[in-house]
Engineer: 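Quick one: this structure, given as structure tokens, is what I'll be asking you about.
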Amino acid sequence: MISASLSPMARIWHIVGLIPEGKVSSYGKVADLAGLPGRARYVSQALKLAPTELNLPWHRVINSQGKIAFAEHTPAFIEQMQRLRSEQVIVNRGRVALSNYQWRPDLATLVLELPF
DNA sequence: AACATGACGCGTC
DNA sequence: GGACGCGCCATGT
């Protein structure tokens, strides 16, 4: 049977790792895809605790309004904005147009790529 | 055990 | 759009 032993946190990290360059997803969406509906806050925590060696594209995760979650002008905010811009994502006042950049994974891809 | 704190989200006004 | 309130829940004091 498909492994269900992967920890919630590991599942979140895995989902984030699937977000393609130039695309973004939200904390809530990642939580849903990881099988943890309603637990967006847990996703932010998982990203904060993620081992650097995983090299996760954490900058591709923003809030449901399309905005960078960090407060403007903070180092983290600036880094996230630069990382997004470096992959051609337009960011205005910390906001990204979800209509253009939202990641829409197709079911088939997910089924083939998720280890749980 | 009891609060406070978030890289959140959603409904309401 | 902005401001609140409330649900959510792992962590830290």
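Lettering follows sequence order; numbering is per chain, from 1. The figures here come from the full heavy-atom set of this structure, side chains too, leaving out hydrogens, waters and symmetry mates.
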Engineer: What is the separation between atom CZ on A:Arg39 and atom P on B:dG6, rounded to the nearest whole Å?
Structural biologist: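 In whole Å, B:dG6 P lies 19 Å from A:Arg39 CZ.
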Engineer: Is the closest basic N to carboxylate O distance between A:Glu87 and A:Arg60 below 4.0 Å?
Structural biologist: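 A salt bridge links A:Glu87 with A:Arg60.
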Engineer: CD of A:Gln65 versus P of B:dA7: gap in Å, rounded?
Structural biologist: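 From A:Gln65 CD to B:dA7 P: 16 Å.
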Engineer: How long is the line joining CD of A:Glu79 and C1' of B:dA7, in whole Å?
Structural biologist: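 Nearest whole value for this atom pair: 13 Å.
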Engineer: For the side chain of A:Arg85 and the backbone of A:Val91, is there at least one donor-acceptor N/O pair under 3.5 Å apart?
Structural biologist: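 Yes.
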Engineer: Closest approach to the side chain of A:Ser26, judged atom by atom: which nucleotide of B:dG9, B:dA7, C:dA10 is it?
Structural biologist: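 Minimum distance to the A:Ser26 side chain belongs to B:dG9.
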Engineer: Has the side chain of A:Tyr42 got a donor or acceptor that lies under 3.5 Å from a partner of the other kind on the base of C:dA10?
Structural biologist: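 There is none.
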Engineer: Rounded to the Å, how far apart are A:Lys48 NZ and B:dT5 P?
Structural biologist: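 Answer to the nearest Å: 13 Å.
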Engineer: Rounded to the nearest angstrom, tell me the gap between atom CG in A:Asp32 and atom P in B:dG9.
Structural biologist: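 So the CG-P distance, A:Asp32 to B:dG9, works out to 10 Å.
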Engineer: In whole angstrom, give the distance that lies between atom CG of A:Leu98 and atom C1' of B:dG9.
Structural biologist: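 To the nearest whole Å, that distance equals 13 Å.
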Engineer: Are the side chains of A:Ile62 and A:Lys67 in contact, using a 4.5 Å heavy-atom criterion?
Structural biologist: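 The answer is no, as the side chains (C-beta and beyond) never meet within the 4.5 Å cut-off.
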Engineer: OP1 or OP2 of B:dG9 versus the side-chain N and O atoms of A:Arg41: is any pair under 4.0 Å?
Structural biologist: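 So the side-chain polar atoms of A:Arg41 never come under 4.0 Å of the phosphate oxygens OP1 or OP2 of B:dG9.
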Engineer: Compare side-chain N and O positions of A:Ser64 against OP1 and OP2 of B:dC10 and report whether any pair is under 4.0 Å apart.
Structural biologist: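 For A:Ser64, the contact criterion (side-chain N or O under 4.0 Å from OP1 or OP2 of B:dC10) is met.
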Engineer: From CG of A:Leu49 over to P of B:dG6, roughly how many Å is that when rounded to an integer?
Structural biologist: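 In whole Å, B:dG6 P lies 14 Å from A:Leu49 CG.
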Engineer: Check the pair A:Glu79, A:Phe70 against side chain to side chain contact (heavy atoms under 4.5 Å, CB included), reporting the backbone distance first and the verdict last.
Structural biologist: CA-CA 10 Å; A:Glu79 184 184 354; A:Phe70 294 108; over 6 Å; no
Engineer: Name the pairing partner of C:dG2, where a pair is Watson-Crick or G-U wobble with both distances under 3.5 Å, or state none.
Structural biologist: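 Looking at the geometry, C:dG2 pairs with B:dC13.
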Engineer: Please report the distance, rounded to the nearest Å, between CG in A:Leu47 and P in B:dA7.
Structural biologist: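 One finds 11 Å between P of B:dA7 and CG of A:Leu47, rounded.
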